[in-house]
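Here, residue 1 is the first one in the sequence, and each next residue gets the next number. Just follow the structure's listing: the first ligand is 1, and inside any ligand the first atom is 1.
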Amino acid sequence: MHNTERLKEMFYEVQQCKKCPLHKTRNKPVFGNGLPDSSIILIGEAPGYDEDQTGKAFIGKSGKLLDKILSACNFHRRKHVFIGNVLKCRPPQNRNPEPEEVKTCLPYLLEQIELVDPAIIVTLGAVPAKTLLGKDFKITQQHGQWQLWQGRLLMPTFHPSALLRDPAKKYDAWEDFKTIVIKYREKVDASHACQFV
Ligand code: URA
């Protein structure tokens, strides 16, 4: 099956998913958004209120900040990035994902990564970094350092909601994204324009 078709099929699977108790409290599952052949995949934690209402990833306050950062890098959702989450359903009151929920939902994300086949993976915040790299991963100490995950390049950086809570982290996050632009030029498109890098 072609990757785009399988992603579509998985989208419908996720709409029906009842593999964990979060299906009882969710409004809409959030499969992820972006072109199926994006060169960059961004991975967040789990849908929040706005995402649960609409079924779209990162469209609330964090999403707006993420869009600004992407735009400063001259990356755009419709062209360069696929955005998804570790969990496809919102945990009540945005509580942290339970380990059992992550375990149950992870196969969707792993297959999404395989199908999108990005040159660069970017994890946003501690949850996706720990999920893929192991529970000892420390985002405050290790953000901005390229990791090799299953033969793929992975850049861990802060979650936009952490930047909203603590704007002092914005400088570090921007340095991480500049590093991503440089790697994108190296691996994907040497002529990628960005006025800041
Ligand atoms: N926070 C996330 O981690 N993901 C979203 O989709 C929205 C907010």
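- For a heavy-atom separation below 4.0 Å, the residues in contact with ligand 1 are Gly44, Glu45, Ala46, Glu51, Ala57, Phe58, Asn85, His159.
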Show the atom names and distances, to 0.1 Å, of all donor-acceptor pairs under 3.5 Å that link a side chain in residues 56-68 to residues at least two apart or in another chain.
unit_1: Lys64; atom_1: NZ; unit_2: Ile59; atom_2: O; d: 3.2
unit_1: Asp67; atom_1: OD1; unit_2: Arg77; atom_2: NE; d: 2.8
unit_1: Asp67; atom_1: OD1; unit_2: Arg77; atom_2: NH2; d: 3.3

Give every donor-acceptor pair under 3.5 Å between a side-chain atom in residues 146-153 and any protein atom, sequence neighbours left out.
unit_1: Gln147; atom_1: NE2; unit_2: Gln145; atom_2: O; d: 3.2
unit_1: Trp149; atom_1: NE1; unit_2: Leu132; atom_2: O; d: 3.2
unit_1: Arg152; atom_1: NH1; unit_2: Asp117; atom_2: OD1; d: 2.9
unit_1: Arg152; atom_1: NH1; unit_2: Pro118; atom_2: O; d: 3.3
unit_1: Arg152; atom_1: NH2; unit_2: Asp117; atom_2: OD1; d: 3.1

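- We find that Lys8 and Glu5 are not joined by a salt bridge, their nearest charged nitrogen and carboxylate oxygen being 4.0 Å or further apart.
- A distance of 8.5 Å separates CG in Leu22 from CD in Glu98, rounded to the nearest 0.5 Å.
- When the ring pair (Phe, Tyr, Trp, His ring centres under 6.0 Å) test is applied to Phe82, no partner is found at least two apart in sequence or on another chain.
- Using a distance-only test at 3.5 Å, with no hydrogens or angles considered, no donor-acceptor pair links the side chain of His23 to the main chain of Gln16.
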